Protein chains: 2
Amino acid sequence: MKSLHDMPERPVPARASLDRLFELAEVLGAMMQRGVAEKGLTTARAGALWALFHGGPMTQRALATQLGVTPRNVTGLLDALQEDGLVVREAHPTDRRATLVSLTEKGGSVTSALRDGRDELAALLFADVPADRLDTFTATLAQVTERLRTVGTDGPK
Amino acid sequence: MKSLHDMPERPVPARASLDRLFELAEVLGAMMQRGVAEKGLTTARAGALWALFHGGPMTQRALATQLGVTPRNVTGLLDALQEDGLVVREAHPTDRRATLVSLTEKGGSVTSALRDGRDELAALLFADVPADRLDTFTATLAQVTERLRTVGTDGPK
DNA sequence: GCTACATAGTGAAGTCACTTCACGATATGC
DNA sequence: GCATATCGTGAAGTGACTTCACTATGTAGC
């Protein structure tokens, strides 16, 4: 006996597209991880930096909400980031329970570098995709993402 | 003082595309994890099942290579899968060091269900994308992935 | 002003995916 | 045969998560 799926898979037109999407997501993820590791970061920690970079100083709770993780987890992420001098915890001016987290100067420049890396990558990646085709591509991407989100709350798989 | 990046970001045309790509990758990843969790699996374990489904019975070493992880890690993944009765380890017929891993019947049907879920998702996701546009989309996806792979070995970020 | 309750952050403990290193059992080249 | 490479696994460790319990503080309501 051979493998368990001897019958050829019935062709589903969109399957190839989804598979390519997964493939790209995987390669992209690996690449991002590598890039971030070169700066001594992990993707989770970089995500926290990124959120602070774009959202400005905020409470740990806010950060947790924004990252979609538990407050407890944010504590750990920040411990590491603080250890590396990328982030500071200060007293919240009005709420003495809360902590205000900000990027240090070093944290800001590391995150800027991350952003520049992203832009470089983007430019490089789409360099030989003609502009009109890129527009269509991006639009489709957005459409599919939107679709996924609406379906996501009760869909299959 | 406000945040550390008061100057507006210089527009890089491809940036929006990359960002959307990341966004989709994230949502897609979350959705896949959810779907796989519904069947009592994790993405790593599902990946192992998937590899066995498509590659047929193989050695743990081979599986490790295919998954791109350490042999030691495969041991752990298989321990869990075996515990759930999805996989069996048998003696290798000619090499007594090696173990031959195969899907059980249960493992096969779970993986089939995974595949069906994928197809459903694909169909659903691209339902309202016209065929010609989908073709272009998929081609661009492939092109970018290829690009990423060649660049990946020495690129920035 | 006090009591009741919600909220902010963290310790403790646990899960899962990974890794490296060391080791025993086997295969293989010469 | 013997050196050497390979197969799988124990031990130990890291990182990202989670839940649960607890302290300190804010916010009503009366």
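Just so it is clear, the model here is predicted, and its values are computed rather than measured. Atoms considered below: every heavy atom in the structure, side chains included; atoms not considered: hydrogens, waters and symmetry mates.
- Within the 4.0 Å cut-off from OP1 or OP2 of D:dT6, not a single side-chain nitrogen or oxygen of B:Q60 is found.
- Nucleotide C:dG9 holds its C1' atom 14 Å from the CG atom of A:L77, rounded to whole Å.
- Backbone-only engagement by B:T59 is indicated by non-hydrogen atom pairs under 4.0 Å involving sugar-phosphate atoms exclusively.
- Considering only side-chain N and O atoms, A:R97 lies nowhere under 4.0 angstrom from the phosphate OP1 or OP2 of D:dG26.
- Rounded to an integer number of Å, the gap from A:L81 CG to D:dA16 C1' is 14 Å.
- Remark: C1' of D:dC7 and CG of B:L100 are 13 Å apart, rounded to the nearest angstrom.
- No more than 12 heavy-atom neighbours from other residues, nucleotides or ligands sit within 6.0 angstrom of CD on B:E83.
- Remark: P of D:dT18 and CD of B:Q33 are 10 Å apart, rounded to the nearest angstrom.
- B:D19 places a side-chain heavy atom less than 4.5 Å from the side chain of A:R118.
- One cannot find a donor-acceptor pair under 3.5 Å joining the base of D:dG8 and the side-chain atoms of B:R72.
- The backbone N or O of A:H92 sits nowhere less than 3.5 Å from a side-chain atom of A:R97 that would complete a donor-acceptor pair.
- Atoms CG (B:L63) and C1' (D:dT9) sit 15 Å apart, rounded to a whole Å.
- When distances are taken from the side chain of B:N73 to each of C:dG9, D:dA16, C:dT19, the shortest belongs to C:dT19.
- Rounded to a whole Å, the CZ atom of B:R61 is 16 Å from the P atom of C:dA27.
- The nearest whole Å value for the distance from the NE2 atom in A:H92 to the C1' atom in D:dA24 is 15 Å.
- The nearest pair of heavy atoms linking B:L100 to B:P93 is CD2-CD, 4.1 Å.
- Each of A:A80 and B:D95 was assigned the nucleotide of DNA chain D with the nearest heavy atom; the assignment lying further toward the 5' end belongs to B:D95.
- The only member of A:L78, A:L77, A:T99 that meets side chain to side chain contact (heavy atoms under 4.5 Å, CB included) when paired with A:L63 is A:L78.
- Listed pair B:R45 / C:dC16 meets the phosphate criterion, a side-chain N or O lying under 4.0 Å from OP1 or OP2.
- If you measure from atom CD of B:E83 to atom P of C:dC16, you get 11 Å, rounded to the nearest angstrom.
- Note on A:T75: a side-chain N or O is less than 4.0 Å away from OP1 or OP2 of C:dT10.
- For D:dG8, neither phosphate oxygen OP1 nor OP2 lies less than 4.0 angstrom from any side-chain nitrogen or oxygen of B:R89.
- Below the 3.5 angstrom threshold, one finds no donor paired with an acceptor across the side chain of B:R96 and the base of C:dT26.
- Side-chain nitrogen and oxygen atoms of B:T70 include at least one within less than 4.0 Å of the OP1 or OP2 phosphate oxygen of C:dT19.
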